[in-house]
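Taking it in order: structure first as structure tokens, then the write-up.
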Amino acid sequence: MRPKAQGRDDIFLRSNRDIQLVKHHGRRISTALFNLLAYRMDEAPSRVGIIVGKRFGNAVRRNRAKRIFRELVRQSRSDLAPGRGLLVFPKRDALQQSRDGLVQAWRSSLERLELLRPRAY
RNA sequence: GUGGAAGACCGGAUGGUCGCUCGGUGUCUCUAGACAUCGAGAGGAAAGUCCGGACUCCAUGGGCAGGGCGCUGGAUAACGUCCAGGCGGAGCAAUCCGACACCAGCACCACAGAAAUCAAACCGCCGAUGGCCAUGGCGAUGGGAUCUCAUCUGGUCGCUACGGCUCAGGUAAGGGUGAAACGGUGGGGUAAGAGCCCACCGCGGUGGUGGUGACAUCACCGGCAGGGUAAGCGUCGCCCGGAGCAAGGCCAAAUAGGAAGACAUGCGCAGGCUCUACGCUUUGCAGGGGGCCUGUGCGCCGACUGGCCCGGUCGAGGUCUUCGGGUAGGUCGCUUGAGGUUCGAGGCAACUUGAAUCCCAGAGAAAUGAUCACCCAAGCAAAAGAGGGAAACUUCUUUGCGGGACAGAAUCCGGCUUAUAGGUCUUCCGUCCAC
RNA sequence: GUCCCCAUCGUCUAGCCUGGCCUAGGACAUUGCCCUUUCAAGGCAGUAACACGGGUUCAAAUCCCGUUGGGGACA
């Protein structure tokens, strides 16, 4: 909704309206490290929102979870199928998990929801 | 060597790759970005939001209410903070801790105890003095016996030493209760006792000396002034207008008047009585404050003056509160400041000041991340080598494992409090050994 | 971010302002017994709490300070 964010191709969901849309209509998948919601939207590039509640921990742990998942999204943005809105709810075990385990769980979840571009294979 | 006390500081380092935010410069597009390059990018507590300010808006005439602080002097923009000192307490000491002003009025002090604040007296002690009793003694009186004087004997009355009663009365030393019971110890004194008297200590008053002051100390006087709680109401002194950057300004967008409820009992003044630690013209009130009683006045249309009242202003018709409905975007505020570093000066210190120099985060569901390499502090394990030692053991080097806590700026400062792995340095105290 | 409020049995609460008879009262729930052929209802009895740590006081659920955990308001 912010014009500043509309101009460049933002890969993150920021508007509260879009987040509520995905949260109510999206398909849900759950792993030991995070929960994932996906919904087909109109706009061309797929966007991802990361939601960390207050119950997750103090400010240091909340920021760390958001940074780790933001990095995951950046590394896989070119493989994402277009037109989707995603929501990620990290769990506390994700902070203890190593990087390779996180990448594997993320990839397999995306495959199960058929969110990857076909040309990636 | 060992056990402590206080203070200051650090709080992983370096490099590569992929990324994020801001700023400068350049180019291209063209007014919004893209690319390239350079620079910068979390803390000692950023935290809790407990104090104090700056800043912004509202209010700004007076009074009351309300809140905070509380030994003294200083520092500071200010403070509940800091420094220096006084007093009290803890500790052998270095040192640490202290809401550390005031009990006049109102209120409370459960249980226990005789009694919880005007003082009184349950057990106990005494009963000198007064009262009652009276073995004994003395005196008076009259009777009887023996041979006259005289002696003996029992009776009545009065007084009384010793004594008894503990009646009047005296006493608060002792007992017991309690957190707390109208100074403590010792001696004299007394019927028993008691500051009744004396010495020392404590306490109060006056004066001197030292100190800016809190206070200390000395001398004299007073025989003792009369419980606790003010982190209960309160009094005294000092300070404080209210809200908070989601403050507030501008631009853009959106909505168009919905529903329910409430709308009269208080305040001031004067006089009298009483208490008073405050005040003073200094000893009793012409003041201030508290409590009680009596009389009287004003208001009982409304709103604003951001707690209330007066005063002021506005309006003559609704006003206020709550719920509901709409928009939830941008931009300024936004980081140069009671700023940092170095050197110098003043001050015991907190701190102040002069010069030079530096620019040191500004995000916006919220940037500092991910990964790799190589080092580093503490720790653990085992082996080898070297050194010291009689031994227990210990120091250094090499290798392996392991390995960094509490915690993330959000308008900005000064503090406090709380969390914090590990480490470094300085100063001081106690104790042991050697010289 | 800024500013407020709260914490009492398993749950909802009273007591806090004005400290003491608080060994903390009540309701629902729960446990045992009685009643009933049995269940329910009723009766009797029981278990069960002052968020935590300091301070003031003779004495703290109550007063003061700090910590922890909840809840709320705003443009």
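Computation of the quantities below employed the complete heavy-atom set of this structure, encompassing side-chain atoms and omitting hydrogens, waters and symmetry-equivalent molecules. A note on names: the letters A, B, ... follow the listed sequences, proteins ahead of strands, and every chain is numbered from 1.
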Integer angstrom distance from the C1' of B:A5 to that of B:C97: 14 Å
Between C1' of B:A370 and CZ of A:Arg74, the distance in whole Å: 10 Å
Nucleotide opposite B:A47 in a Watson-Crick or G-U pair, distances under 3.5 Å: B:U417
Residue matched to B:C301 through Watson-Crick or wobble contacts both under 3.5 angstrom: B:G315
Base-pairing mate for C:U2 - Watson-Crick or G-U, with both contacts under 3.5 Å: C:A73
Which residue lies more 5' along RNA chain B, comparing A:Asn58 with A:Gln75 via nearest heavy atoms: A:Gln75
Euclidean distance for P, B:G400 against B:A373 (whole angstrom): 15 Å
Distance in angstrom units between A:Lys66 NZ and B:A363 P, rounded: 17 Å
Between B:G53 and B:U420 - C1' atom distance, rounded Å: 30 Å
Validation row: A:Val73, A:Trp106 side chains within 4.5 angstrom (heavy atoms): yes
Whole-Å P distance, C:A24 and C:C9: 14 Å
Of the listed nucleotides B:U368, B:A366, B:G19, the one nearest the side chain of A:Arg67: B:U368
Spacing of A:Glu71 atom CD relative to B:C372 atom P, expressed in whole Å: 13 Å
P gap between B:U417 and B:A99, integer Å: 13 Å
Check: A:Phe56 main-chain N/O paired with A:Lys91 side-chain donor or acceptor under 3.5 Å: no
Counter-base of C:U47, judged by Watson-Crick or G-U geometry with both distances under 3.5 Å: none
Complement of C:C63, any strand, by Watson-Crick or G-U distances under 3.5 angstrom: C:G55
Closest to side chain of A:Ala59, choosing from B:G19, B:A42, B:A409: B:A409
Spacing of the P atoms in B:A366 and B:A409 (rounded, Å): 14 Å
Earlier contact from the 5' end, RNA chain B, for A:Arg64 and A:Arg70: A:Arg70
Complement of B:C269, any strand, by Watson-Crick or G-U distances under 3.5 angstrom: B:G295
Rounded distance (Å) that lies between atom C1' of B:G369 and atom CZ of A:Arg61: 18 Å
Side-chain (A:Asn63) to main-chain (A:Lys66) donor-acceptor, under 3.5 angstrom: no
B:C374: pairing nucleotide in any strand, Watson-Crick or G-U under 3.5 angstrom: none
Whole-angstrom distance between B:G249 and B:A256, as gauged at atom P: 25 Å
Given B:G408, B:G19, B:A366, the nucleotide with the shortest approach to the side chain of A:Asn63: B:G408
Whole-angstrom distance between B:A405 and B:A421, as gauged at atom C1': 4 Å
